[in-house]
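So the structure is just underneath, and the comments pick up after that.
The model shown is predicted, which means the values in this text are computed figures rather than measured ones. Note: hydrogens, waters and symmetry copies are ignored here, and every other heavy atom, side chains too, is used. First the proteins, then the strands, lettered A, B, ... as listed; each starts at 1.
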2 protein chains.
Amino acid sequence: MARKPLTNPRKYASQDRSRATVDALVEATARILIREGFDKASTNRIAEVAGVSVGSLYQYFPSKEALVAALIDRHNQEVRQVVQGELAEAVNAPVEQAVRKLVAVAIKAHRIDPKLHYVLAEQIPRVGRLEKVETFNREYYALFKDYLESRRDEIRAVDLGLAAFVCVTSIEALTHTAVLHHKIVSDEAMNALIDEATRLIVGYLMN
Amino acid sequence: MARKPLTNPRKYASQDRSRATVDALVEATARILIREGFDKASTNRIAEVAGVSVGSLYQYFPSKEALVAALIDRHNQEVRQVVQGELAEAVNAPVEQAVRKLVAVAIKAHRIDPKLHYVLAEQIPRVGRLEKVETFNREYYALFKDYLESRRDEIRAVDLGLAAFVCVTSIEALTHTAVLHHKIVSDEAMNALIDEATRLIVGYLMN
DNA sequence: TCAAAATACGAGCGATTATTCGCTTTTGAT
DNA sequence: ATCAAAAGCGAATAATCGCTCGTATTTTGA
């Protein structure tokens, strides 16, 4: 485990103080992205908002992209925790209940930090090609396809892969658009959307 | 029609030569966005690729954003021509046929210049807030809602606005994702998607 | 034919950016 | 108390950016 030479010694936080610095930097990145947009998120500004010097920033993050990537990881982690816990129940439920649960969870996930999610989804892609979100969706797709296969006899569709694609893409788009653009305010609006989306998907799968 | 003062005299192309310059600039913008991404699309580079000087660029486009906006307009124009022609027939057709037509047209529209569409959809939003695409979608939504109202007695849904949202969002997401990410190659794949999407939407509207 | 208008040019300005590096301060194990 | 390692600092650098402006060239209309 030979250390890289002194010319690029990006460190890993080991002490308490440095942990706090790293956290502050990631948090500052999130705040700036949300409040001022990607263009204003310069490394100097991020360090300033974090109450840290630029030099410290570069001790832990080799580039600006690494900082954004860390933020995305943190957000994905939070989403994953919400989703995985609630989805465990669904895999053994009948289709109607499972789909309803899936839609509800999707809305919940999008509501975790909507503004951050929005920025991450609509402003970030240009950064190199951070396909972490895409990876996330692929997991979601595989999970759903497995579920469909476990209920194959109840499902009308022939190509379960295609069916999974149709369902996952639709649910994602509906919940994403509703939460981030149309702004679901009331609980009634949310329940109406859950009802409609469930009807859409269940009808497609079973009728 | 008082001209703006000399301090901001961005002109409007009137001669043949200047028309060609403007076209070359917009075309160069498209090429760079597609081949090198947004970050590489500097005004100096755009002018260079267009075979034109930066000074000429700023004679017709007051800012870099104006250039991108012009490109978006050009693309939207092309899409609009394809969509409006083909959609005129659909408004008088029964639901099943109309939806099928709608899906087919959506795929066709996304296939006009997929790479440009991709860049425009996934990399551009950060620019100021070019909501031209959103405007486009709103038109699409209004049109579909009108259609649903004209067939109200055949439709099962209560809230036609919500139903239109569900349908338009799903169709857009399915065709967008299929064409730009999953890459529909064969005609069979395309027809399969049309079948499935039609079944999804028609089932939702009528069963 | 020729002057005025339109068009084109491109070096260069000022601002901003990501990143570096020599230095100081803090920490923790002895 | 000591001291090496870890963490922190921020002025400085080099690159890039959007954009201007004085000048050169082409086109137009009479």
Side-chain angles (χ1 to χ4, degrees), chain A residues 1 3-26 28-29 32-33 36-71 123-124 126-128, chain B residues 3-26 28-29 32-33 36-71 123-124 126-128 130:
Chain A
M1 51 175 77
R3 285 284 167 81
K4 290 180 179 180
L6 280 174
T7 43
N8 53 346
R10 299 301 123 71
K11 296 189 184 178
Y12 201 74
S14 63
Q15 296 184 4
D16 276 357
R17 190 170 44 138
S18 56
R19 278 257 176 81
T21 299
V22 169
D23 283 353
L25 284 166
V26 175
T29 305
I32 295 176
L33 284 181
E36 309 176 38
F38 188 91
D39 292 333
K40 298 292 174 65
S42 69
T43 50
N44 284 295
R45 177 123 184 79
I46 291 172
E48 177 193 327
V49 169
V52 153
S53 85
V54 227
S56 296
L57 186 157
Y58 278 94
Q59 247 172 9
Y60 305 104
F61 299 97
S63 70
K64 187 184 162 184
E65 292 186 12
L67 204 38
V68 176
L71 174 61
Q123 293 198 335
I124 296 306
R126 69 198 185 90
V127 179
Chain B
R3 285 285 168 81
K4 290 180 178 178
L6 280 173
T7 43
N8 54 347
R10 298 303 125 70
K11 295 189 186 179
Y12 201 75
S14 63
Q15 296 182 4
D16 275 358
R17 189 168 47 137
S18 55
R19 277 256 175 82
T21 300
V22 169
D23 283 354
L25 284 166
V26 175
T29 305
I32 295 175
L33 284 180
E36 308 177 37
F38 188 91
D39 292 332
K40 298 293 174 63
S42 69
T43 50
N44 285 298
R45 177 122 185 80
I46 290 171
E48 178 193 327
V49 170
V52 153
S53 85
V54 227
S56 296
L57 187 157
Y58 278 94
Q59 245 169 14
Y60 304 105
F61 300 96
S63 70
K64 187 183 162 185
E65 292 187 12
L67 204 38
V68 177
L71 175 62
Q123 292 198 337
I124 297 306
R126 69 198 185 91
V127 179
L130 299 173

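- Between the P atom of C/dT17 and the NZ atom of A/K40 lies a distance of 9 Å, rounded to the nearest Å.
- For B/I46 and D/dT16, the CD1 to P distance is 17 Å, given to the nearest whole Å.
- Contacts of A/T43 with the nucleic acid, taken as non-hydrogen atoms under 4.0 Å apart, include base atoms.
- With hydrogens and angles left out, the side chain of B/Q59 and the base of C/dA8 share a donor-acceptor pair within 3.5 Å.
- Nearest heavy-atom pair, B/L25 versus B/V52, reported as atom, atom and distance to 0.1 Å: CD2-CG1, 4.3 Å.
- For the pair A/I32 CD1 and C/dA18 C1', the computed distance is 15 Å after rounding to whole Å.
- The side chain of B/Y60 lies closest to C/dT7 when the candidates are D/dC9, C/dT7, C/dT17.
- Under 4.0 angstrom from either OP1 or OP2 of C/dT20 there lies no side-chain N or O belonging to A/Y58.
- Following rounding to the nearest Å, B/E65 (CD) and D/dG18 (C1') show an atom-to-atom distance of 11 Å.
- Atom P of nucleotide D/dC17 and atom CZ of B/R45 are separated by 10 Å, given to the nearest angstrom.
- Distance A/D39 CG to D/dG18 P: 11 Å, rounded to the nearest Å.
- In this structure, A/L57 atom CG and C/dC21 atom C1' are separated by 15 Å, rounded to whole Å.
- Considering only heavy atoms from C-beta on, A/E48 stays 4.5 Å or farther from A/N44 through its side chain.
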Any N/O pairs under 3.5 Å between the protein and nucleotides 1-4 of chain C? List them or say none.
none

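- Proximity note for A/S42 (side chain, C-beta onward) versus C/dT17, D/dT20, D/dA7: the nearest is C/dT17.
- Using a 4.5 Å heavy-atom cutoff, the side chains of B/Y60 and B/L67 are not in contact.
- Between D/dG8 and A/S18, no contact under 4.0 Å exists linking OP1 or OP2 to a side-chain N or O.
- Taking atom CG of residue B/L67 and atom C1' of nucleotide D/dC19, one finds them 13 Å apart after rounding to whole Å.
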Using a 4.0 Å heavy-atom cut-off, write out nucleotides 25-30 of chain D from 5' to 3' as B (base contacted by protein), S (sugar-phosphate only) or - (no contact).
-SSS--
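- The shortest heavy-atom contact between A/T43 and A/L57 is O-CD1, 3.6 Å.
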